[in-house]
Engineer: 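What follows is a single structure, and I will ask about it in a moment.
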Amino acid sequence: MTAPTLRHPFAWGLWACALGAGLLLFLIWYPGIITADGWFQWREAISGRITNWHPVWVTMVITMILKVAPGLSPNSQLGIEFLAQSMTIYLSSCLFVLSISDNRSTRWIMMVAFVLYYPLWFALALVYKDAWFFGFLLLTLAFFFRYTRSGSWGDVLGIAVAAGLTILNRHTAGLSLILLSPVLLLIIRDEPFGGSWRTHAKPIAAVIVGWIIAAVVTKLVLVVKIANFANLILLFDVFGIVSRSSAPIESFAHLKTYQEVGHKAFFQGLSGLAYNGMSDYLIFSPDSIYPPDRVLATKNALWDLASLSRTNPGEWIEFKVLMLMQMLGISRYDFLYTSSFWNAAGSPFTAHPLLPGVKAALMERMVPGLVSTSLLYKIKLWNWPIYHYIPLTASLILNSVMLMCPRRLSPYQKSSLALLWAGMSCLIPFLLLSPGGTFRYMMASNVLWWLSVLLALMALSQSLRKNLKPAEQVGHPGK
(Lines give C-alpha, C1' and ligand atoms only; values in the text may rest on other atoms or scores of the structure.)
Protein backbone atom coordinates (compact mmCIF):
# COMPACT_ATOMS: atom_id res chain seq x y z
CA MET A 1 0.00 0.00 0.00
CA THR A 2 1.30 3.46 -0.90
CA ALA A 3 1.15 6.72 0.99
CA PRO A 4 -1.89 8.94 0.40
CA THR A 5 -1.79 10.87 -2.84
CA LEU A 6 -0.92 14.53 -2.32
CA ARG A 7 -1.11 15.64 -5.95
CA HIS A 8 -4.58 14.44 -6.80
CA PRO A 9 -6.54 17.23 -8.58
CA PHE A 10 -8.89 17.55 -5.63
CA ALA A 11 -5.94 17.87 -3.23
CA TRP A 12 -5.06 21.23 -4.74
CA GLY A 13 -8.43 22.53 -3.59
CA LEU A 14 -7.52 21.53 -0.03
CA TRP A 15 -4.16 23.29 -0.29
CA ALA A 16 -5.95 26.42 -1.54
CA CYS A 17 -8.43 26.19 1.34
CA ALA A 18 -5.60 25.95 3.90
CA LEU A 19 -3.69 28.78 2.27
CA GLY A 20 -6.78 30.98 2.23
CA ALA A 21 -7.55 30.24 5.90
CA GLY A 22 -4.05 31.18 6.99
CA LEU A 23 -4.11 34.36 4.90
CA LEU A 24 -7.54 35.36 6.24
CA LEU A 25 -6.36 34.90 9.83
CA PHE A 26 -3.36 37.11 9.01
CA LEU A 27 -5.53 39.86 7.51
CA ILE A 28 -8.01 39.91 10.39
CA TRP A 29 -5.45 40.10 13.19
CA TYR A 30 -2.47 41.81 11.50
CA PRO A 31 0.22 42.20 12.73
CA GLY A 32 -0.70 39.59 15.32
CA ILE A 33 -1.02 39.86 19.08
CA ILE A 34 2.18 39.66 21.07
CA THR A 35 1.98 38.14 24.55
CA ALA A 36 4.37 38.64 27.44
CA ASP A 37 6.19 35.43 26.44
CA GLY A 38 6.38 36.53 22.83
CA TRP A 39 7.72 39.97 23.77
CA PHE A 40 10.29 38.30 26.03
CA GLN A 41 11.60 36.38 23.01
CA TRP A 42 11.64 39.52 20.86
CA ARG A 43 13.76 41.24 23.51
CA GLU A 44 16.13 38.26 23.48
CA ALA A 45 16.50 38.45 19.70
CA ILE A 46 17.07 42.23 19.78
CA SER A 47 19.69 41.99 22.53
CA GLY A 48 21.35 38.87 21.13
CA ARG A 49 21.21 37.31 24.61
CA ILE A 50 19.30 34.10 23.87
CA THR A 51 18.32 31.96 26.86
CA ASN A 52 16.46 28.69 27.19
CA TRP A 53 13.75 30.08 29.44
CA HIS A 54 11.62 29.56 26.33
CA PRO A 55 12.43 27.03 23.58
CA VAL A 56 14.64 28.74 21.02
CA TRP A 57 12.78 28.27 17.71
CA VAL A 58 10.68 31.44 17.91
CA THR A 59 13.71 33.47 18.98
CA MET A 60 15.62 32.07 15.99
CA VAL A 61 12.80 33.10 13.62
CA ILE A 62 12.72 36.62 15.07
CA THR A 63 16.51 36.90 14.83
CA MET A 64 16.35 35.95 11.15
CA ILE A 65 13.62 38.54 10.51
CA LEU A 66 15.68 41.26 12.21
CA LYS A 67 18.74 40.38 10.10
CA VAL A 68 16.92 40.06 6.77
CA ALA A 69 14.61 43.09 7.18
CA PRO A 70 16.21 45.42 9.76
CA GLY A 71 14.72 48.56 8.24
CA LEU A 72 11.07 47.52 8.49
CA SER A 73 8.76 48.90 11.15
CA PRO A 74 8.12 46.78 14.26
CA ASN A 75 4.59 46.05 13.03
CA SER A 76 5.89 44.79 9.69
CA GLN A 77 8.51 42.61 11.37
CA LEU A 78 5.93 41.10 13.70
CA GLY A 79 3.61 40.65 10.72
CA ILE A 80 6.23 38.53 8.96
CA GLU A 81 6.46 36.25 11.99
CA PHE A 82 2.67 36.09 12.25
CA LEU A 83 2.27 35.23 8.55
CA ALA A 84 4.91 32.49 8.81
CA GLN A 85 3.16 31.09 11.90
CA SER A 86 -0.28 31.12 10.27
CA MET A 87 0.94 29.47 7.06
CA THR A 88 2.83 26.80 9.04
CA ILE A 89 -0.26 25.82 11.00
CA TYR A 90 -2.79 25.72 8.19
CA LEU A 91 -0.52 24.13 5.58
CA SER A 92 0.54 21.52 8.17
CA SER A 93 -3.14 20.85 8.88
CA CYS A 94 -3.71 20.27 5.15
CA LEU A 95 -0.85 17.74 4.91
CA PHE A 96 -2.22 16.12 8.07
CA VAL A 97 -5.70 15.75 6.52
CA LEU A 98 -4.28 14.48 3.24
CA SER A 99 -2.19 11.90 5.09
CA ILE A 100 -5.07 10.40 7.04
CA SER A 101 -7.21 9.45 4.07
CA ASP A 102 -7.42 9.32 0.27
CA ASN A 103 -11.20 9.63 0.41
CA ARG A 104 -12.19 13.00 -1.02
CA SER A 105 -15.23 13.48 1.22
CA THR A 106 -13.31 12.58 4.36
CA ARG A 107 -10.54 15.01 3.49
CA TRP A 108 -12.93 17.89 2.85
CA ILE A 109 -14.98 17.23 5.98
CA MET A 110 -11.87 17.28 8.16
CA MET A 111 -10.35 20.31 6.44
CA VAL A 112 -13.54 22.34 6.65
CA ALA A 113 -14.01 21.32 10.29
CA PHE A 114 -10.47 22.50 11.08
CA VAL A 115 -10.87 25.81 9.26
CA LEU A 116 -14.28 26.55 10.83
CA TYR A 117 -13.23 25.59 14.37
CA TYR A 118 -13.75 29.07 15.79
CA PRO A 119 -11.69 28.85 19.03
CA LEU A 120 -8.62 28.68 16.78
CA TRP A 121 -9.61 31.99 15.17
CA PHE A 122 -8.65 33.63 18.47
CA ALA A 123 -6.01 31.29 19.88
CA LEU A 124 -3.95 31.50 16.68
CA ALA A 125 -4.13 35.29 16.59
CA LEU A 126 -1.48 35.25 19.30
CA VAL A 127 2.10 35.10 18.01
CA TYR A 128 3.75 32.65 20.38
CA LYS A 129 5.54 29.33 20.75
CA ASP A 130 2.37 27.30 21.45
CA ALA A 131 1.01 28.03 17.96
CA TRP A 132 4.28 26.93 16.33
CA PHE A 133 4.28 23.78 18.49
CA PHE A 134 0.77 22.96 17.32
CA GLY A 135 1.66 23.37 13.65
CA PHE A 136 4.78 21.22 13.84
CA LEU A 137 2.96 18.56 15.88
CA LEU A 138 0.38 18.26 13.07
CA LEU A 139 3.27 17.94 10.62
CA THR A 140 4.82 15.14 12.72
CA LEU A 141 1.50 13.29 12.87
CA ALA A 142 1.11 13.66 9.10
CA PHE A 143 4.42 11.92 8.46
CA PHE A 144 3.53 9.19 10.98
CA PHE A 145 0.28 8.44 9.15
CA ARG A 146 2.08 8.43 5.82
CA TYR A 147 4.81 6.14 7.11
CA THR A 148 2.41 3.48 8.36
CA ARG A 149 1.03 3.19 4.83
CA SER A 150 4.25 3.53 2.85
CA GLY A 151 7.19 2.55 5.07
CA SER A 152 9.39 4.92 3.06
CA TRP A 153 12.63 6.44 4.29
CA GLY A 154 11.39 9.80 3.05
CA ASP A 155 8.63 9.73 5.64
CA VAL A 156 11.12 8.64 8.32
CA LEU A 157 13.20 11.71 7.48
CA GLY A 158 10.04 13.81 7.62
CA ILE A 159 9.30 12.48 11.12
CA ALA A 160 12.82 13.35 12.31
CA VAL A 161 12.70 16.92 10.98
CA ALA A 162 9.13 17.60 12.12
CA ALA A 163 9.81 16.09 15.56
CA GLY A 164 12.89 18.25 15.98
CA LEU A 165 10.93 21.39 15.08
CA THR A 166 8.15 20.38 17.48
CA ILE A 167 10.61 19.90 20.34
CA LEU A 168 12.17 23.31 19.62
CA ASN A 169 8.83 24.94 20.52
CA ARG A 170 7.82 23.34 23.84
CA HIS A 171 9.83 22.04 26.78
CA THR A 172 7.36 19.16 27.10
CA ALA A 173 7.30 18.16 23.41
CA GLY A 174 10.05 15.53 23.57
CA LEU A 175 8.26 13.56 26.26
CA SER A 176 4.96 13.91 24.36
CA LEU A 177 6.47 12.44 21.19
CA ILE A 178 8.15 9.57 23.03
CA LEU A 179 4.79 8.69 24.60
CA LEU A 180 3.03 9.11 21.27
CA SER A 181 5.24 7.14 18.88
CA PRO A 182 5.02 3.46 19.89
CA VAL A 183 1.31 3.49 20.71
CA LEU A 184 0.46 5.40 17.54
CA LEU A 185 2.32 2.85 15.43
CA LEU A 186 0.52 -0.05 17.08
CA ILE A 187 -2.86 1.57 16.45
CA ILE A 188 -2.59 2.75 12.86
CA ARG A 189 -0.19 0.20 11.36
CA ASP A 190 -1.29 -1.51 8.17
CA GLU A 191 -0.84 -5.18 7.38
CA PRO A 192 2.27 -4.90 5.18
CA PHE A 193 4.19 -3.50 8.16
CA GLY A 194 2.40 -5.07 11.08
CA GLY A 195 4.88 -7.80 11.96
CA SER A 196 8.30 -6.18 11.66
CA TRP A 197 9.95 -4.69 14.72
CA ARG A 198 12.38 -2.85 12.44
CA THR A 199 9.47 -1.09 10.82
CA HIS A 200 8.27 0.16 14.20
CA ALA A 201 11.77 1.06 15.33
CA LYS A 202 12.54 3.42 12.44
CA PRO A 203 10.03 6.20 13.26
CA ILE A 204 10.74 5.93 16.99
CA ALA A 205 14.43 6.28 16.24
CA ALA A 206 13.55 9.24 14.02
CA VAL A 207 11.88 10.98 16.97
CA ILE A 208 14.99 10.41 19.09
CA VAL A 209 17.18 11.78 16.29
CA GLY A 210 14.88 14.80 16.08
CA TRP A 211 15.25 15.31 19.82
CA ILE A 212 19.06 15.16 19.52
CA ILE A 213 18.99 17.64 16.63
CA ALA A 214 16.82 20.00 18.68
CA ALA A 215 19.25 19.72 21.61
CA VAL A 216 22.23 20.47 19.37
CA VAL A 217 20.51 23.46 17.77
CA THR A 218 19.58 24.79 21.21
CA LYS A 219 23.16 24.41 22.39
CA LEU A 220 24.53 26.20 19.33
CA VAL A 221 22.29 29.27 19.60
CA LEU A 222 22.20 29.51 23.39
CA VAL A 223 24.04 32.42 24.96
CA VAL A 224 22.96 32.06 28.60
CA LYS A 225 21.51 29.02 30.36
CA ILE A 226 18.99 30.10 32.99
CA ALA A 227 16.87 26.95 33.24
CA ASN A 228 16.66 23.29 32.32
CA PHE A 229 13.75 20.93 31.82
CA ALA A 230 14.12 19.29 35.24
CA ASN A 231 14.22 22.66 36.96
CA LEU A 232 11.18 23.84 35.04
CA ILE A 233 9.18 20.90 36.37
CA LEU A 234 10.01 21.87 39.93
CA LEU A 235 9.59 25.56 39.22
CA PHE A 236 6.08 25.26 37.85
CA ASP A 237 4.85 22.84 40.48
CA VAL A 238 6.20 24.75 43.44
CA PHE A 239 5.01 28.01 41.92
CA GLY A 240 1.53 26.57 41.55
CA ILE A 241 1.46 25.51 45.19
CA VAL A 242 2.79 28.76 46.62
CA SER A 243 0.58 30.91 44.42
CA ARG A 244 -2.43 29.25 46.01
CA SER A 245 -1.24 30.11 49.53
CA SER A 246 -2.08 33.27 51.44
CA ALA A 247 1.54 34.43 51.52
CA PRO A 248 2.55 37.18 49.06
CA ILE A 249 4.58 35.79 46.18
CA GLU A 250 7.21 38.50 46.74
CA SER A 251 8.11 37.09 50.14
CA PHE A 252 9.48 33.96 48.45
CA ALA A 253 11.53 35.72 45.77
CA HIS A 254 14.88 35.62 47.59
CA LEU A 255 14.97 32.00 48.76
CA LYS A 256 18.13 30.08 47.93
CA THR A 257 16.43 26.69 48.16
CA TYR A 258 12.96 25.56 49.13
CA GLN A 259 14.39 23.56 52.07
CA GLU A 260 14.88 26.86 53.91
CA VAL A 261 11.17 27.01 54.59
CA GLY A 262 10.53 23.26 54.69
CA HIS A 263 8.34 20.98 52.59
CA LYS A 264 5.09 21.57 54.45
CA ALA A 265 5.25 25.32 53.96
CA PHE A 266 4.45 24.83 50.31
CA PHE A 267 1.31 22.88 51.07
CA GLN A 268 -0.05 25.02 53.87
CA GLY A 269 -2.29 27.04 51.58
CA LEU A 270 -3.91 24.17 49.72
CA SER A 271 -7.17 23.89 51.64
CA GLY A 272 -10.03 26.18 50.67
CA LEU A 273 -8.05 28.72 48.66
CA ALA A 274 -8.64 29.56 45.01
CA TYR A 275 -5.89 29.16 42.45
CA ASN A 276 -4.69 32.61 41.36
CA GLY A 277 -3.35 31.69 37.96
CA MET A 278 0.15 32.08 36.60
CA SER A 279 0.75 35.80 37.02
CA ASP A 280 4.25 35.60 38.54
CA TYR A 281 7.06 33.11 38.88
CA LEU A 282 8.77 31.84 41.99
CA ILE A 283 12.50 31.73 41.39
CA PHE A 284 14.91 30.10 43.84
CA SER A 285 17.81 32.51 43.82
CA PRO A 286 19.61 34.90 46.14
CA ASP A 287 18.90 37.55 43.48
CA SER A 288 15.68 39.08 42.23
CA ILE A 289 13.09 37.56 39.93
CA TYR A 290 14.47 36.70 36.47
CA PRO A 291 18.13 36.57 37.51
CA PRO A 292 20.24 37.54 34.48
CA ASP A 293 22.89 34.82 34.51
CA ARG A 294 21.96 32.24 37.13
CA VAL A 295 20.66 28.72 36.62
CA LEU A 296 17.26 28.33 38.26
CA ALA A 297 16.29 26.05 41.14
CA THR A 298 18.47 23.21 42.47
CA LYS A 299 20.71 20.70 40.75
CA ASN A 300 18.65 17.70 41.81
CA ALA A 301 15.27 19.24 41.07
CA LEU A 302 13.51 16.01 40.07
CA TRP A 303 14.61 14.24 43.26
CA ASP A 304 13.41 17.20 45.31
CA LEU A 305 10.09 17.05 43.52
CA ALA A 306 9.78 13.34 44.31
CA SER A 307 10.60 14.11 47.94
CA LEU A 308 7.75 16.60 48.12
CA SER A 309 5.29 14.03 46.80
CA ARG A 310 6.48 11.38 49.30
CA THR A 311 6.42 13.59 52.37
CA ASN A 312 2.99 15.08 51.63
CA PRO A 313 1.15 12.50 49.47
CA GLY A 314 -2.37 13.62 50.38
CA GLU A 315 -1.77 17.28 49.60
CA TRP A 316 0.18 16.31 46.49
CA ILE A 317 -2.70 14.26 45.12
CA GLU A 318 -5.15 17.03 45.97
CA PHE A 319 -3.02 19.56 44.16
CA LYS A 320 -2.69 17.35 41.06
CA VAL A 321 -6.43 16.67 40.92
CA LEU A 322 -7.20 20.39 41.21
CA MET A 323 -4.75 21.22 38.44
CA LEU A 324 -6.10 18.45 36.18
CA MET A 325 -9.65 19.75 36.69
CA GLN A 326 -8.49 23.21 35.69
CA MET A 327 -6.55 21.97 32.67
CA LEU A 328 -9.57 20.05 31.36
CA GLY A 329 -11.89 23.00 31.95
CA ILE A 330 -13.95 21.30 34.66
CA SER A 331 -13.25 23.98 37.27
CA ARG A 332 -11.79 27.47 36.83
CA TYR A 333 -10.80 28.00 33.22
CA ASP A 334 -9.35 30.76 31.05
CA PHE A 335 -9.93 30.49 27.33
CA LEU A 336 -6.93 32.70 26.62
CA TYR A 337 -4.63 35.01 28.52
CA THR A 338 -6.44 37.77 30.37
CA SER A 339 -4.43 40.13 28.15
CA SER A 340 -4.94 38.11 25.01
CA PHE A 341 -6.46 40.80 22.85
CA TRP A 342 -3.89 43.53 23.19
CA ASN A 343 -0.13 43.56 22.99
CA ALA A 344 2.23 43.04 25.93
CA ALA A 345 3.14 46.11 27.94
CA GLY A 346 6.28 47.84 26.70
CA SER A 347 6.19 46.33 23.22
CA PRO A 348 6.33 48.63 20.16
CA PHE A 349 3.60 46.75 18.28
CA THR A 350 0.13 48.20 17.63
CA ALA A 351 -2.99 46.51 16.30
CA HIS A 352 -3.67 47.43 12.69
CA PRO A 353 -6.06 44.84 11.22
CA LEU A 354 -6.38 44.79 7.44
CA LEU A 355 -9.99 43.61 7.83
CA PRO A 356 -11.08 45.75 10.79
CA GLY A 357 -14.79 45.10 10.30
CA VAL A 358 -14.36 41.35 10.57
CA LYS A 359 -12.17 41.68 13.66
CA ALA A 360 -14.67 44.04 15.32
CA ALA A 361 -17.52 41.62 14.65
CA LEU A 362 -15.57 38.70 16.11
CA MET A 363 -14.59 40.70 19.18
CA GLU A 364 -18.12 41.95 19.76
CA ARG A 365 -20.08 38.77 19.13
CA MET A 366 -17.81 35.95 20.28
CA VAL A 367 -15.15 37.10 22.72
CA PRO A 368 -17.47 38.00 25.64
CA GLY A 369 -18.84 34.48 25.73
CA LEU A 370 -15.56 32.67 25.18
CA VAL A 371 -13.71 34.51 27.94
CA SER A 372 -16.58 34.64 30.42
CA THR A 373 -16.60 32.43 33.51
CA SER A 374 -20.31 32.88 34.24
CA LEU A 375 -22.61 29.87 34.30
CA LEU A 376 -24.85 31.56 31.73
CA TYR A 377 -22.14 31.31 29.09
CA LYS A 378 -20.89 27.89 30.18
CA ILE A 379 -24.23 26.22 29.47
CA LYS A 380 -24.46 27.67 25.96
CA LEU A 381 -23.72 25.10 23.28
CA TRP A 382 -21.65 27.67 21.39
CA ASN A 383 -19.01 27.64 24.13
CA TRP A 384 -18.82 23.89 24.73
CA PRO A 385 -15.88 23.21 22.36
CA ILE A 386 -13.37 25.09 24.52
CA TYR A 387 -13.96 22.86 27.56
CA HIS A 388 -11.49 20.04 26.96
CA TYR A 389 -13.28 17.41 29.03
CA ILE A 390 -16.19 17.43 26.55
CA PRO A 391 -14.28 16.19 23.45
CA LEU A 392 -12.14 13.93 25.65
CA THR A 393 -15.22 12.28 27.19
CA ALA A 394 -16.97 12.00 23.82
CA SER A 395 -13.92 10.44 22.18
CA LEU A 396 -13.42 7.98 25.05
CA ILE A 397 -17.05 6.86 24.91
CA LEU A 398 -17.19 6.51 21.13
CA ASN A 399 -13.90 4.65 20.91
CA SER A 400 -14.83 2.38 23.82
CA VAL A 401 -18.06 1.44 22.04
CA MET A 402 -16.12 0.64 18.86
CA LEU A 403 -13.52 -1.42 20.73
CA MET A 404 -16.27 -3.56 22.29
CA CYS A 405 -17.43 -4.64 18.85
CA PRO A 406 -15.86 -7.98 17.85
CA ARG A 407 -15.11 -6.97 14.26
CA ARG A 408 -11.74 -5.74 13.10
CA LEU A 409 -11.08 -2.01 13.47
CA SER A 410 -11.68 0.04 10.34
CA PRO A 411 -9.18 2.69 9.21
CA TYR A 412 -11.54 5.38 10.52
CA GLN A 413 -11.55 3.74 13.93
CA LYS A 414 -7.77 3.39 13.95
CA SER A 415 -7.34 7.05 13.08
CA SER A 416 -9.81 8.10 15.77
CA LEU A 417 -7.97 6.06 18.41
CA ALA A 418 -4.64 7.43 17.23
CA LEU A 419 -5.79 11.05 17.60
CA LEU A 420 -7.29 10.30 21.01
CA TRP A 421 -3.90 9.03 22.18
CA ALA A 422 -2.07 11.91 20.48
CA GLY A 423 -4.11 14.34 22.57
CA MET A 424 -3.39 12.34 25.71
CA SER A 425 0.33 12.39 24.90
CA CYS A 426 0.20 16.19 24.92
CA LEU A 427 -1.69 16.22 28.23
CA ILE A 428 0.42 13.76 30.24
CA PRO A 429 3.65 15.84 30.41
CA PHE A 430 1.60 18.78 31.66
CA LEU A 431 0.51 16.66 34.62
CA LEU A 432 4.14 17.08 35.75
CA LEU A 433 4.13 20.82 35.13
CA SER A 434 0.59 21.52 36.39
CA PRO A 435 0.37 24.90 34.67
CA GLY A 436 -3.33 25.46 35.30
CA GLY A 437 -6.28 26.07 33.02
CA THR A 438 -5.27 28.21 30.07
CA PHE A 439 -6.35 27.19 26.57
CA ARG A 440 -2.90 27.46 24.99
CA TYR A 441 -1.51 24.55 27.02
CA MET A 442 -4.23 22.20 25.81
CA MET A 443 -4.92 23.66 22.36
CA ALA A 444 -3.34 20.71 20.52
CA SER A 445 -5.14 18.13 22.67
CA ASN A 446 -8.46 19.95 22.25
CA VAL A 447 -8.30 19.97 18.45
CA LEU A 448 -7.03 16.39 18.20
CA TRP A 449 -9.82 15.12 20.46
CA TRP A 450 -12.50 16.88 18.40
CA LEU A 451 -11.04 15.41 15.21
CA SER A 452 -11.03 12.02 16.95
CA VAL A 453 -14.74 12.46 17.68
CA LEU A 454 -15.37 13.39 14.04
CA LEU A 455 -13.58 10.28 12.75
CA ALA A 456 -15.36 8.07 15.28
CA LEU A 457 -18.71 9.38 14.04
CA MET A 458 -17.60 8.63 10.47
CA ALA A 459 -16.71 5.10 11.56
CA LEU A 460 -20.11 4.61 13.16
CA SER A 461 -21.84 5.98 10.07
CA GLN A 462 -19.84 3.63 7.87
CA SER A 463 -20.72 0.68 10.12
CA LEU A 464 -24.42 1.53 10.05
CA ARG A 465 -24.42 1.79 6.27
CA LYS A 466 -22.68 -1.54 6.03
CA ASN A 467 -25.20 -3.20 8.33
CA LEU A 468 -28.16 -1.70 6.49
CA LYS A 469 -26.79 -2.74 3.10
CA PRO A 470 -24.86 -5.96 3.67
CA ALA A 471 -24.53 -6.66 -0.02
CA GLU A 472 -22.85 -3.34 -0.67
CA GLN A 473 -19.12 -3.21 -0.14
CA VAL A 474 -18.09 -0.14 1.81
CA GLY A 475 -14.63 0.84 0.66
CA HIS A 476 -11.47 1.64 2.60
CA PRO A 477 -11.48 5.38 3.40
CA GLY A 478 -8.05 5.53 1.93
CA LYS A 479 -9.36 4.46 -1.48
Side-chain angles (χ1 to χ4, degrees), residues 32 34-66 78 81-82 84-85 88-89 92 123-124 126-140 159-180 207-236 239 278 281 283 290 295-297 301 337 344 425-430 432-435 438-445:
I34 198 76
T35 65
D37 285 351
W39 177 226
F40 182 92
Q41 291 186 276
W42 269 89
R43 296 201 307 273
E44 285 190 332
I46 293 169
S47 67
R49 181 183 172 278
I50 299 176
T51 73
N52 65 342
W53 180 256
H54 297 287
V56 298
W57 171 258
V58 173
T59 311
M60 291 167 58
V61 171
I62 298 168
T63 301
M64 187 179 302
I65 293 171
L66 294 174
L78 178 63
E81 182 193 355
F82 182 40
Q85 173 185 294
T88 296
I89 292 165
S92 294
L124 299 181
L126 280 64
V127 188
Y128 57 170
K129 60 187 179 184
D130 301 273
W132 286 96
F133 162 76
F134 180 42
F136 288 132
L137 177 65
L138 290 175
L139 190 63
T140 306
I159 291 172
V161 173
L165 291 169
T166 306
I167 293 167
L168 282 171
N169 283 280
R170 276 233 65 97
H171 289 302
T172 58
L175 180 55
S176 291
L177 292 179
I178 291 298
L179 291 170
L180 169 69
V207 169
I208 297 173
V209 169
W211 201 340
I212 294 171
I213 292 172
V216 171
V217 170
T218 300
K219 185 69 175 177
L220 290 175
V221 303
L222 206 63
V223 175
V224 179
K225 179 182 178 182
I226 64 170
N228 58 53
F229 180 66
N231 285 340
L232 282 174
I233 292 177
L234 178 64
L235 176 67
F236 275 73
F239 164 75
M278 292 183 60
Y281 288 91
I283 291 180
Y290 292 123
V295 177
L296 300 180
Y337 289 114
S425 299
C426 295
L427 166 66
I428 291 170
F430 278 127
L432 295 174
L433 291 175
S434 302
T438 304
F439 186 82
R440 71 185 183 100
Y441 296 118
M442 295 288 293
M443 176 170 59
S445 295

Engineer: Got a second to check how far L179's CG is from L175's CG, nearest 0.5 Å?
Structural biologist: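 That separation rounds to 4.5 Å.
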Engineer: Nearest heavy-atom pair of A173 and T166: which atoms, and what distance?
Structural biologist: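 What the structure gives for the nearest pair is CB-O, 3.5 Å.
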Engineer: If every non-hydrogen atom of L168 is compared with every non-hydrogen atom of A214, which pair is closest and at what distance?
Structural biologist: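 That would be CD2-O, 3.6 Å.
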Engineer: For W57 and L165, which heavy atoms make the closest approach, and how far apart are they?
Structural biologist: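 Heavy atoms only, the tightest pair is CZ3-CD2, 3.5 Å.
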Engineer: Just verifying a value: how many Å separate M60 CE and T218 OG1, rounded to the nearest 0.5 Å?
Structural biologist: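 Between atom CE of M60 and atom OG1 of T218 there are 8.0 Å.
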Engineer: Might you point out which heavy atoms bring V207 and A163 nearest each other, and give the distance in Å?
Structural biologist: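 Shortest heavy-atom separation between V207 and A163 comes out as CA-CB, 4.2 Å.
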Engineer: How long is the span from the CG atom in D130 to the CG atom in D37, to the nearest 0.5 Å?
Structural biologist: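 Reported to 0.5 Å precision, the distance equals 7.5 Å.
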Engineer: What heavy-atom pair brings G48 and V223 nearest, and what distance separates the two atoms?
Structural biologist: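 G48 and V223 have their closest heavy atoms at O-CG2, 3.4 Å.
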Engineer: Output the distance between atom CZ (F430) and atom OG1 (T172), rounded to the nearest 0.5 Å.
Structural biologist: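 F430 CZ to T172 OG1: 4.0 Å, rounded to 0.5 Å.
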Engineer: Answer yes or no: is there a donor N or O on one side and an acceptor on the other, between the side chain of S176 and the main chain of S425, under 3.5 Å?
Structural biologist: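 Yes; judged by distance alone, with no hydrogens or angles, the pair exists.
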Engineer: Can you tell me how far CD1 of I34 sits from OH of Y128, rounded to the nearest 0.5 angstrom?
Structural biologist: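 Between atom OH of Y128 and atom CD1 of I34 there are 11.5 Å.
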Engineer: L177 versus W211: any side-chain heavy-atom pair under 4.5 Å?
Structural biologist: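 Sidechains of W211 and L177: no contact.
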Engineer: Is the shortest side-chain heavy-atom distance between L124 and M443 below 4.5 Å?
Structural biologist: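 Touching, per the 4.5 Å side-chain cut-off.
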Engineer: Indicate yes or no: at least one non-hydrogen side-chain atom of F133 is less than 4.5 angstrom from one of R440.
Structural biologist: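 No; the side chains remain at least 4.5 Å from each other.
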Engineer: Is the backbone of L126 close enough, under 3.5 Å, to the side chain of Q85 for a donor and an acceptor to pair up by distance?
Structural biologist: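 Flag set: sc Q85 to bb L126 pair under 3.5 Å.
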Engineer: Can you tell if the side chain of I167 reaches within under 4.5 Å of the side chain of F136, non-hydrogen atoms only?
Structural biologist: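 They are not in side-chain contact.
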Engineer: Side chains of M442 and C426: closer than 4.5 Å at any heavy-atom pair?
Structural biologist: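 Counting from C-beta outward, M442 and C426 never come under 4.5 Å.
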Engineer: Looking at T63 and I50, what are the two nearest heavy atoms and their distance?
Structural biologist: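 The answer is OG1-CD1, 4.3 Å.
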Engineer: Return the CD1 to CD1 distance between I159 and I208, rounded to the nearest 0.5 Å.
Structural biologist: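 Reported value, rounded in 0.5 Å steps: 12.0 Å.
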Engineer: Out of the candidates K129, Q41, E44, only one should pair with H54 under the side chain to side chain donor-acceptor pair (under 3.5 Å) rule; please name it.
Structural biologist: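 Testing each of K129, Q41, E44 against H54, the sole residue satisfying side chain to side chain donor-acceptor pair (under 3.5 Å) is K129.
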